[in-house]
Amino acid sequence: MIKRKVNDVAEALKGVQSGMTVMVGGFGLSGIPENSIAELVRLGVEDLTCISNNAGVDDFGLGLLLQQKQIKKMISSYVGENAEFERQMLSGELEVELIPQGTLAERCRAAQAGIPAFYTPAGYGTEVAEGKESREFNGKMHILEHAFKADFAIIKAWKGDEAGNLVFKGTARNFNPNMAGAAKITVAEVEELVPVGSLDPNQIHIPGILVNRIFQGEKYEKRIEQRTVRKR
């Protein structure tokens with residue numbers, strides 16, 4: 001059995017360099033790899049291309065990297081909660097590629113599965129389709145989208161074992177599973193790291209073969225992006 005456990009986040013992110021393309025899991029502020037993002041800030045790597053559904057908020061998540069001007073390009077779907085992101089995009093400091101959410105997820109999954117490209121109807125006839133090959137299927141036009149090519153995929157799971165098998169909880173199952181194995185190196189941080197054999201095989205969402213390094217994170221804030229409560 002191959003053990004993928006590493007001692008800490010510093011060992012997990014060994015090899016990350018400026019100019020790399022990094023996938024970052026999570027949906028909004030749910031299920032984001034908080035420890036790994038903090039380590040990227042500490043490392044001071046620059047000119048990163050980040051593939052992530054969101055760009056965090058101003059003082060949390062990927063917003064911490066944006067504050068330090070460590071991100072050169074964001075490839076995202078929803079970025080409406082980050083004022084610093086908006087400022088950098090409008091000023092031309094940050095390159096931005098906005099992608100339909102389903103296409104973003106599928107470009108990750110295609111990379112995971114070793115599929116180089118696929119056709120989708122999403123975005124045809126809009127700016128999304130500019131410069132892309134198009135083809136008709138069953139009377140409907142589709143555009144060709146390519147799988148992502150990333151150096152690191154950094155994801156977060158609820159539980160994992162030392163062989164890299166992962167279990168996600170709730171909304172954290174958005175994007176994190178699709179990014180596992182979709183880059184040259186996949187790093188998984190988990191809230192609870194258990195011995196091999198502790199997880200029910202029927203409950204495992206991602207097998208360890210898609211994970212290269214796994215470590216137990218700590219001190220998760222788990223912020224709520226938009227708190228909505230019912231009137232009493």
Side-chain angles (χ1 to χ4, degrees), residues 1-27 29-56 60-62 64-65 70-71 74-75 104-105 107-109 111-114 147-169 172-194 196 199 204-222:
M1 181 193 68
I2 299 175
K3 287 194 175 183
R4 293 170 170 82
K5 175 187 173 183
V6 296
N7 293 321
D8 53 31
V9 64
E11 186 176 350
L13 294 188
K14 186 176 181 182
V16 175
Q17 298 176 7
S18 295
M20 283 187 166
T21 297
V22 180
M23 291 180 168
V24 181
F27 190 80
L29 301 183
S30 175
I32 64 173
E34 296 178 32
N35 288 249
S36 296
I37 291 171
E39 179 65 9
L40 290 174
V41 174
R42 189 193 71 79
L43 289 171
V45 287
E46 299 177 328
D47 296 325
L48 296 175
T49 295
C50 285
I51 300 168
S52 177
N53 184 60
N54 302 57
F60 194 62
L62 290 181
L64 298 172
L65 290 169
Q70 292 175 257
I71 299 177
M74 278 296 310
I75 301 175
L104 182 71
R107 289 179 69 181
C108 294
R109 196 197 68 83
Q112 178 192 72
F148 287 125
K149 294 180 180 179
D151 299 291
F152 275 80
I154 302 173
I155 64 175
K156 156 86 186 312
W158 173 45
K159 282 187 180 181
D161 64 22
E162 295 182 358
N165 299 302
L166 302 177
V167 178
F168 300 93
K169 179 184 283 188
R173 286 189 73 180
N174 286 304
F175 289 96
N176 277 306
N178 286 17
M179 290 181 176
K184 293 176 183 177
I185 296 175
T186 296
V187 173
E189 63 175 77
V190 296
E191 295 180 40
E192 185 178 349
L193 187 59
V194 299
V196 174
L199 299 176
I204 291 172
H205 296 132
I206 286 294
I209 195 170
L210 297 178
V211 176
N212 301 98
R213 305 170 188 172
I214 187 170
F215 71 97
Q216 182 164 317
E218 58 182 7
K219 300 178 180 177
Y220 288 104
E221 291 187 46
K222 296 185 179 181

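Source: prediction; values computed, not measured.
Using a 4.5 Å heavy-atom threshold, the side chains of I154 and L40 count as touching. Residues P33 and I155 form no side-chain contact, since every pair of their non-hydrogen atoms from C-beta on lies 4.5 Å or further apart. When side chains are defined from C-beta on, N7 does not count as touching F215, because their heavy atoms never get closer than 4.5 Å. The shortest distance between side-chain heavy atoms of V41 and L65 falls below 4.5 Å. Counting heavy atoms from C-beta outward, F60 and I37 have side chains that stay 4.5 Å or more apart. For the pair L193/K5, a side-chain contact is recorded, criterion being any heavy-atom separation below 4.5 Å from C-beta on. Two residues are said to be in side-chain contact when any heavy atoms from C-beta on lie closer than 4.5 Å; I185 and D151 fail this criterion.
Of all heavy-atom pairs between A182 and A111, the closest is O-CB, 3.6 Å. Residue S30 comes nearest to A172 through the heavy atom pair OG-N, 3.8 Å, listed as atom of the first residue, atom of the second, then distance. Across all their heavy atoms, L29 and I32 have their closest contact at O-CG1, 3.9 Å. Taking each heavy atom of A12 and V187 in turn, the nearest pair found is O-CG2, 3.2 Å. The minimum heavy-atom distance linking M179 with A153 is given by the pair O-CB, 3.3 Å.
Contacts classified as side-chain hydrogen bond (donor to acceptor under 3.5 Å, both in side chains) and involving residues 173-186 (residues at least two apart or in different chains) are given here: R173-H205. The side-chain hydrogen bond (donor to acceptor under 3.5 Å, both in side chains) pairs that include a residue from residues 207-216 number zero, where partners must be two or more places apart or lie in different chains.
Here E218 pairs with N35 under the side-chain contact (heavy atoms from CB on, under 4.5 Å) rule; sequence neighbours left out. Under the rule for a side-chain hydrogen bond (donor to acceptor under 3.5 Å, both in side chains), the partners of N53 that lie at least two apart in sequence or sit in another chain are Q101. Under the rule for a side-chain contact (heavy atoms from CB on, under 4.5 Å), the partners of A157 that lie at least two apart in sequence or sit in another chain are L166, F168, V190. By the side-chain contact (heavy atoms from CB on, under 4.5 Å) test, A38 is found to be paired with no residue, residues two or more places apart in sequence or in another chain being considered. Checked against side-chain hydrogen bond (donor to acceptor under 3.5 Å, both in side chains), E34 has no partners two or more places apart in sequence or in another chain. Legend: residues meeting side-chain hydrogen bond (donor to acceptor under 3.5 Å, both in side chains) with Q112, ordered by chain and number and at least two apart, are absent. Not counting sequence neighbours, the partners of N54 by the side-chain contact (heavy atoms from CB on, under 4.5 Å) test are Y78, E225. Legend: residues meeting salt bridge (charged side-chain N to carboxylate O under 4.0 Å, His left out) with K149, ordered by chain and number and at least two apart, are absent.
Looking only at distances, no side-chain donor or acceptor of E162 sits under 3.5 Å from a matching main-chain atom of V194. Side chain of R107 to backbone of F148: no donor-acceptor contact under 3.5 angstrom is found.
The NZ atom of K3 lies 12.5 Å from the CD1 atom of I214; values are rounded to the nearest 0.5 Å. The CG atom of L199 sits 6.5 Å away from atom CG of N165, with the distance rounded to the nearest 0.5 Å. Taken to the nearest 0.5 Å, the SG atom of C50 stands 5.5 Å off from the CG atom of L62.
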Would you give me the side-chain donor-acceptor pairs under 3.5 Å for residues 13-23, sequence neighbours excluded?
| residue | atom | partner | partner atom | Å |
| --- | --- | --- | --- | --- |
| S18 | OG | E46 | N | 2.9 |

Is there a side-chain contact (heavy atoms from CB on, under 4.5 Å) between Y220 and E189? Walk through the geometry before answering. CA-CA 11 Å; Y220 288 104; E189 63 175 77; 2.6 Å; yes
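For the pair K156 and E191, the salt-bridge criterion is met [side-chain N within less than 4.0 Å of a carboxylate O].
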